[in-house]
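Below is one structure, written out as structure tokens, with a few remarks after it.
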Amino acid sequence: MKDHIRDLVAHALDALKTQGMLPADVAPAFVIERTRSREHGDYACNVALLLAKAAARKPREIAEALVQVLPPSTDIAKIEIAGPGFINFFLSAAAYQNEVRTILGAGATYGRSNIGAGRKLQIEFVSANPTGPLHVGHGRGAAVGDCLARLLGAIGWDVSREYYYNDAGAQINNLALSVQARARGIEPEQTGWPEDGYRGHYISEVARAFLAGESVDADGQHIVASGVVDDLDAIRRFAVASLRREQVLDLQAFGVEFDVYYLESSLYSEGRVEKTVQQLIASGHTYEADGAMYLRTTEFGDDKDRVMRKSDGGYTYFVPDVAYHVTKWQRGFGRAINEQGADHHSTITRVRAGLQALNMQIPKGWPDYVLHQMVTVMRGGEEVKLSKRAGSYVTLRDLIDEVGCDATRYFLVARKVDSQLIFDIDLARSQSNDNPVYYIQYAHARVCSLQRQLGERGLGWNRDNGLAQLALLTSNFEQLLMVELSRYPEMLDAAAQNLEPHMLAQYLRDLATAFHAYYNGEAILVADDNLRDARLNLCAATQQVLHNGLDLLGVCAPEKM
RNA sequence: GCAUUUUUAGCUCAGUUGGACAGAGCAACAGUUUUCUAAACUGAUGGUCAUAGGUUCGAAUCCUAUAAAAUGUACCA
């Protein structure tokens with residue numbers, strides 16, 4: 001519809017140029033946009049405002065001249081000039097009624113598009129190391145990343161979801177030492193407890209299972225605990241597998257799955273880290289100083305050069321990071337998105353700098369980053385400090401158990417990633433009935449309920465007749481609902497392209513509002529067959545869009561509540 | 001100090017390529033059930049869009065400065 005109106009305006013512009021009212025060389029970058037208020041019609045165009053200077057006339061005069069030469073269209077019922085010179089387009093009832101036909105025809109594919117054209121895209125998210133259970137921050141990453149993956153899939157990208165984790169190195173060693181200490185009966189603060197050891201209760205649980213000789217399956221491996229306390233390597237393998245197993249269970253409970261799990265250790269074992277280092281040296285962007293090797297990241301926008309190889313010979317974390325991203329590029333992901341917590345923002349410049357230094361023709365802004373701001377958790381009116389080491393935190397599992405998967409997902413995805421999120425557990429739990437997600441789900445359930453009522457009342461629903469009778473949908477409630485429905489495709493498009501899933505959450509609430517208002521304002525199951533058929537079709541279209549949208553959110557669309 | 005992000009109604013937040021009088025939910029207030037699920041609806045109340053400048057037909061939105069908050073700023077990952 002937008003494009004249609006744009007064409008009409010473009011035609012009118014040409015006509016005015018021919019008439020000589022406008023200079024032939026002007027090409028204003030005008031927009032056709034949804035109006036905020038119904039008083040201004042459905043779409044508005046600002047072209048007259050932009051032309052005022054070039055034409056040396058008042059905007060309203062230009063608008064009037066444009067309207068005079070605007071080609072007629074059956075989709076447009078009325079055109080008004082308003083305010084400083086906006087041209088407002090009022091769509092005909094038929095134009096909106098026809099959207100119901102489109103929705104019912106497209107079904108589950110309504111709103112989807114092929115903007116991505118099947119190109120490969122990778123989105124990496126969560127990527128928590130297996131040193132403890134997933135917490136709320138990971139939950140936000142999981143909810144946002146998963147929703148983004150769904151959105152991008154819906155606009156035609158070939159999406160691969162990846163989870164990257166470190167199964168070796170200092171932190172994992174610390175984990176193993178912590179478990180070993182627990183297995184020996186040493187508690188935090190006692191002698192023998194590792195410096196900066198992980199103190200959480202789960203460490204004791206892993207130690208107990210290890211001593212008991214239990215087995216665990218994770219990432220395709222079956223690990224049996226040896227129970228030998230002195231075998232740190234065995235403890236490490238068992239601990240990593242145990243925690244990986246827990247994380248997978250958490251994510252499953254949250255409805256999030258991945259296509260690929262990528263291990264940092266494989267970058268070393270496959271020689272990718274070493275190869276990357278050699279390439280960087282060959283590129284001439286490195287130098288040695290103080291016994292360490294540096295990369296001149298300042299040449300690529302960093303504020304100081306970064307150490308690649310420490311004086312003890314080990315590599316800093318950013319080298320495997322670069323090597324990892326090289327594999328993404330080599331695996332053919334022309335587009336890659338990293339969803340991470342904002343506490344990692346400093347890595348962006350370094351990773352991109354490292355990739356640029358390799359001279360591999362990787363685009364400057366690759367990969368994309370979506371950083372979500374921190375989540376602070378409130379409980380009992382106080383902030384719960386998240387600290388793995390201290391062992392005090394709110395796990396994702398806790399939230400799912402207390403608040404529910406649907407509500408947690410909605411809550412974590414409903415706001416802009418840029419803004420910090422306060423998750424008040426007491427509020428979320430005590431007011432879970434007021435959570436917007438139930439409001440949306442209820443709208444869906446209400447349509448299902450109407451459809452059940454049909455049988456009980458012995459009423460029929462002829463869908464084809466409903467389509468033929470769409471012209472009967474003329475009430476204000478119906479109009480508003482159809483307007484809302486027709487927004488879905490453009491909203492989906494914008495949410496996916498801007499990488500902003502909160503737009504979807506917001507939209508679904510608006511749609512539910514329009515439906516609840518309609519439901520209360522008009523009887524659906526009326527005696528008149530034609531009117532009832534038409535209204536039931538409108539309800540079915542609403543049900544379809546709610547279902548499609550909730551699907552992308554990863555939230556279920558219940559038939560009954 | 002520097003970097004990133006944030007600052008909109010009592011609270012939690014929308015406001016998307018700069019548009020017409022700033023919008024929701026919650027809380028508080030007044031109503032709506034013999035009739036399709038009241039997990040709903042209707043109405044009224046509530047804002048100097050952090051502050052000060054600038055850009056232009058037009059700014060919550062862009063630019064500059066200031067203030068406040070979060071996070072980062074390792075030869076840790």
Side-chain angles (χ1 to χ4, degrees), chain A residues 29 31 33 35-37 39-40 44 46 48-50 52-53 58-59 82-86 88 129 131 166 169-172 174 196 264 289-294 302-304 306-318 320-321 341-349 371-374 376 411 414-422 424 427 431-443 445-454 456-457 459 491 494-495 497-498 500 502-503 505-507 509-510 512-513 515-526 535 539 560-561:
Chain A
V31 292
E33 59 188 1
T35 57
R36 287 194 183 175
S37 156
E39 292 166 33
H40 301 138
N46 65 344
L49 297 166
L50 299 175
K53 231 174 202 176
K58 288 179 186 164
F86 290 102
N88 292 335
N129 285 338
T131 53
N166 189 356
Q171 290 197 20
I172 298 298
N174 189 13
D196 293 330
E264 183 180 327
D290 313 324
M293 181 187 291
Y294 287 76
D302 206 351
D303 57 349
K304 62 178 177 183
R306 301 292 163 179
V307 172
M308 288 168 57
R309 195 173 61 210
K310 298 180 278 185
S311 47
D312 70 4
Y315 295 117
T316 56
Y317 73 94
F318 113 91
D321 253 15
D343 51 342
H344 291 96
H345 73 254
S346 60
T347 69
I348 298 178
T349 317
L371 298 182
H372 63 257
Q373 289 293 321
M374 301 290 91
T376 42
F411 200 91
R415 12 188 72 98
K416 280 181 302 192
V417 292
D418 285 335
S419 53
Q420 289 177 38
L421 175 55
I422 297 172
D424 187 326
L427 197 73
Q431 300 192 342
S432 63
N433 283 351
D434 292 326
N435 190 304
V437 76
Y438 295 108
Y439 181 83
I440 297 165
Q441 290 178 318
Y442 183 45
R446 266 187 156 169
V447 178
C448 298
S449 172
L450 284 171
Q451 292 163 354
R452 281 193 300 270
Q453 284 284 318
L454 280 174
E456 290 169 25
R457 296 189 180 197
L459 292 170
M491 176 285 305
Q497 302 228 54
N498 296 326
E500 296 193 335
H502 76 276
M503 292 174 78
Q506 209 72 30
Y507 167 80
R509 224 182 51 70
D510 291 344
T513 298
F515 177 75
H516 285 308
Y518 175 42
Y519 181 93
N520 279 275
E522 306 274 357
I524 311 296
L525 302 177
V526 292
R535 288 185 171 171
C539 289
K560 219 178 215 176
M561 290 184 74

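A, B, ... follow the sequence lines: proteins, then strands. Residue 1 opens every chain.
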- Message: If you compare every side-chain N and O of A:K304 against the phosphate oxygens of B:rC2 (OP1, OP2), does one of them come in below 4.0 Å?
- Response: no
- Message: With a 4.0 Å cutoff (strictly under), does any side-chain N or O of A:R446 reach OP1 or OP2 of B:rA38?
- Response: yes
- Message: So for A:N88 and B:rA20, does any side-chain atom that can act as donor or acceptor lie under 3.5 Å from a complementary atom in the base?
- Response: yes
- For B:rA39, which nucleotide in any strand shown is its Watson-Crick or wobble partner with both distances under 3.5 Å? none
- chi for B:rU64 classified (syn = within 90 degrees of 0, anti otherwise) as anti
- Message: Using a heavy-atom cut-off of 4.0 Å across all strands, would you classify A:H345 as base, sugar-phosphate, or nothing?
- Response: base
- Once you round it to whole Å, what is the distance between C1' of B:rU16 and CZ of A:R415? 19 Å
- Task: Let me know the distance between CD of A:Q506 and C1' of B:rU16, rounded to the nearest Å.
- Result: 13 Å
- Could one point to a donor on the side chain of A:Y317 or the base of B:rA77 with an acceptor on the other under 3.5 Å away? yes
- Query: In whole Å, what separates the C1' atom of B:rU45 from that of B:rG23?
  - Reply: 15 Å
- Task: Quickly work out the A:R509 CZ to B:rA40 P distance and round it to whole Å.
- Result: 11 Å
- Task: With the side chain of A:Y439 defined as its heavy atoms from C-beta on, choose the nearest nucleotide among B:rA38, B:rA20, B:rC41.
- Result: B:rC41
- Query: Closer than 4.0 Å, any side-chain N/O of A:K310 to the OP1 or OP2 of B:rC76?
  - Reply: yes
- Query: Could a donor-acceptor pair under 3.5 angstrom be found where the side chain of A:D418 meets the base of B:rU5?
  - Reply: no
- Touch check for A:A523, heavy atoms < 4.0 angstrom, all strands: base, sugar-phosphate only, or nothing? base
- Message: With a 4.0 Å cutoff (strictly under), does any side-chain N or O of A:R36 reach OP1 or OP2 of B:rA20?
- Response: yes
- Query: Phosphate oxygens OP1/OP2 of B:rA70: is one of them under 4.0 Å from a side-chain N or O of A:S419?
  - Reply: no
- Message: Taking atom types as they are modelled, would you say the side chain of A:H502 forms a donor-acceptor pair with the base of B:rU16 within the 3.5 Å cutoff?
- Response: yes
- Message: If you go through the side-chain atoms of A:S449, does one of them form a donor-acceptor pair with the base of B:rC36 closer than 3.5 Å?
- Response: no
- Message: Determine whether a donor-acceptor pair (one donor, one acceptor, N or O, separation below 3.5 Å) exists between the side chain of A:Q420 and the base of B:rU71.
- Response: no
